[in-house]
Trainee: 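Dropping a structure here in structure tokens format, bear with me for questions.
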Amino acid sequence: MKRYRHYQKDKAIILSCFGSVVEAKKYEKLKEFIEDRFKIDTFISFSSRSVIKILKKKGILYKNLPQVLADTDLEGYKKIIVSSVNLFPTDEHEMVKKTAKGFREFSLSNIRVTKAIFTKSKDTTNFLSNLSKQISKDNTANLFIIHGTPLLDIPGSESISYVERLLPKLNPLNFVCSLEGSSPFYALKEHFIREFKKADIKKVQIIPLLLVSGNHFIKDMKEIMDELNRDFETFIASSLTESENFNLIEMEDIKEIISKNIEEEIIKLGE
């Protein structure tokens with residue numbers, strides 16, 4: 001096939017991320033880590049069009065996954081690994097898979113998509129167990145907050161349910177809610193207050209289970225902290241990374257899961 005003669009480059013990795021206006025640099029640091037680990041050309045795509053448009057107005061150019069796939073295909077990469085940099089295998093992850101599937105219909109590149117971060121039970125369990133141990137303090141309740149999803153029947157919702165079930169079993173002072181969708185804070189707030197008082201808890205630590213500490217961290221976490229401060233001494237967990245704000249994307253365990261998922265797809269691609 002004549003068209004295949006244009007595919008002269010070997011492999012490329014595309015990090016498919018939701019994106020962030022205030023924390024785009026954290027994705028850039030992940031790109032540097034992955035490129036250094038695998039010695040493979042690595043690119044970033046953002047799925048949030050709002051983020052892409054706002055950054056464009058600031059003179060910072062990012063593209064979405066279809067655009068980056070088109071670029072890497074045009075550049076002639078024979079093998080493309082799309083790394084799903086999504087915490088849960090829910091709607092954003094499903095869109096990554098659908099986009100890659102669509103490109104396979106007309107691209108001669110061999111395109112594979114990794115699993116989302118909280119897909120494998122062992123990796124998820126080990127990460128949450130370690131995080132719970134690292135973050136817990138005496139006589140302090142831990143309130144883990146996930147972003148949440150608006151629908152209960154979407155693929156990947158079991159991953160969220162597993163996290164919600166596991167964390168309280170790891171430590172009776174672990175509690176879980178979401179910013180929106182299932183188990184939202186506004187619906188569970190009174191329940192948490194009753195449980196904290198029942199356990200004679202005076203301090204509450206908020207742990208954002210978010211990849212980056214973007215606008216949700218700035219706005220929503222502060223609002224939740226203000227709500228709970230009326231009854232308890234409430235604070236956001238100290239960062240376990242070099243960054244000032246708590247985030248998951250810089251944690252070594254998370255980067256290792258992302259790397260393992262990429263390596264798995266590289267092996268499947270073959271030589």
Side-chain angles (χ1 to χ4, degrees), residues 15-23 26-27 30 45-52 64-66 82-102 113-125 127-128 131-132 142-170 174-192 206-224 227 236-237 246-249 251 254 257-258 261:
L15 302 177
S16 180
C17 316
F18 181 78
S20 172
V21 173
V22 298
E23 293 285 12
K26 283 190 170 58
Y27 293 113
L30 177 64
S45 71
F46 281 176
S47 62
S48 171
R49 297 195 178 196
S50 296
V51 168
I52 292 172
N64 62 20
L65 182 57
V82 180
S83 173
S84 179
V85 187
N86 295 288
L87 206 54
F88 296 98
T90 49
D91 48 349
E92 290 292 339
H93 176 70
E94 287 298 307
M95 183 55 66
V96 173
K97 293 188 339 187
K98 289 177 182 177
T99 303
K101 181 180 179 182
V113 178
T114 72
K115 294 177 173 62
I117 296 167
F118 285 172
T119 299
K120 294 182 180 178
S121 57
K122 184 177 180 180
D123 288 340
T124 304
T125 302
F127 173 76
L128 293 174
L131 178 60
S132 180
N142 300 316
L143 182 57
F144 292 85
I145 303 177
I146 64 175
H147 182 274
T149 181
L151 300 174
L152 299 175
D153 63 345
I154 62 171
S157 57
E158 174 56 28
S159 177
I160 294 176
S161 298
Y162 179 71
V163 171
E164 291 174 335
R165 294 194 305 269
L166 178 66
L167 281 168
K169 293 177 181 177
L170 295 174
N174 285 347
F175 300 83
V176 188
C177 69
S178 70
L179 295 175
E180 57 187 51
S182 59
S183 303
F185 174 77
Y186 74 83
L188 297 178
K189 181 180 72 172
E190 297 303 324
H191 164 72
F192 291 145
I206 294 174
I207 302 102
L209 284 182
L210 304 173
L211 278 174
V212 297
S213 47
N215 286 328
H216 282 305
F217 184 94
I218 295 167
K219 182 177 181 291
D220 298 310
M221 299 303 159
K222 185 180 182 304
E223 289 179 359
I224 291 173
E227 289 273 350
I236 296 177
F246 187 94
N247 70 92
L248 300 185
I249 201 168
M251 291 183 182
I254 290 294
I257 292 173
I258 294 171
N261 289 342

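Start at 1 with the first residue, then count along the sequence.
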Trainee: Indicate the ring-plane relationship of Phe118 and Phe88, choosing parallel, tilted or perpendicular according to the 30° and 60° boundaries.
Mentor: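 Plane angle over 60°, so perpendicular.
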
Trainee: Would you give the length of the straight line joining atom CD1 of Ile249 to atom CD of Glu23, rounded to the nearest 0.5 angstrom?
Mentor: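 The CD1 atom of Ile249 sits 9.5 Å away from the CD atom of Glu23.
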
Trainee: Under 4.0 Å between a side-chain nitrogen and a carboxylate oxygen: does that hold for Glu94 and Lys98?
Mentor: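 A salt bridge is absent here (no side-chain N lies under 4.0 Å from a carboxylate O).
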
Trainee: Within this structure, what is the CG-CD1 distance for the pair Asp91 and Ile154, rounded to the nearest 0.5 Å?
Mentor: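 The CG atom of Asp91 sits 4.5 Å away from the CD1 atom of Ile154.
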
Trainee: If you count heavy atoms of other groups shown closer than 6.0 angstrom to CZ of Arg49, is the number above 12?
Mentor: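 12 or below, so no.
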
Trainee: Would you check if Thr124 and Tyr162 make a side-chain contact, meaning some heavy-atom pair closer than 4.5 Å?
Mentor: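 A side-chain contact exists here, since the closest heavy-atom pair is under 4.5 Å.
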
Trainee: Tell me if a side-chain donor or acceptor on Ser182 pairs with a main-chain N or O of Ser178 at a distance below 3.5 Å.
Mentor: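 Side chain of Ser182 to backbone of Ser178: no pair is present.
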
Trainee: Nearest 0.5 Å, please: how far is CG in Leu65 from CG in Leu15?
Mentor: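 Output value for this atom pair is 11.0 Å.
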
Trainee: Can you check whether Ser121's main-chain N or O pairs, donor with acceptor, with Thr125's side chain at less than 3.5 Å?
Mentor: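 Checking the backbone N and O of Ser121 against the side chain of Thr125, a donor-acceptor pair under 3.5 Å is found.
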
Trainee: Check for a donor-acceptor pair, side chain of Thr90 on one end and backbone N or O of Gly156 on the other, with a separation under 3.5 Å.
Mentor: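 Between the backbone of Gly156 and the side chain of Thr90 there is no qualifying donor-acceptor contact (under 3.5 Å).
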
Trainee: Closer than 3.5 angstrom, by distance alone: can the side chain of Ser16 be matched with the main-chain N or O of Ser84 as a donor-acceptor pair?
Mentor: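 Not at all, since once roles are kept as given, no pair shorter than 3.5 Å links the two residues.
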
Trainee: Could you tell me whether a side-chain N or O of Thr99 sits under 3.5 Å from a main-chain N or O of Met95, the two making a donor and an acceptor?
Mentor: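 Side chain of Thr99 to backbone of Met95, a donor-acceptor pair under 3.5 Å: yes, one is there.
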
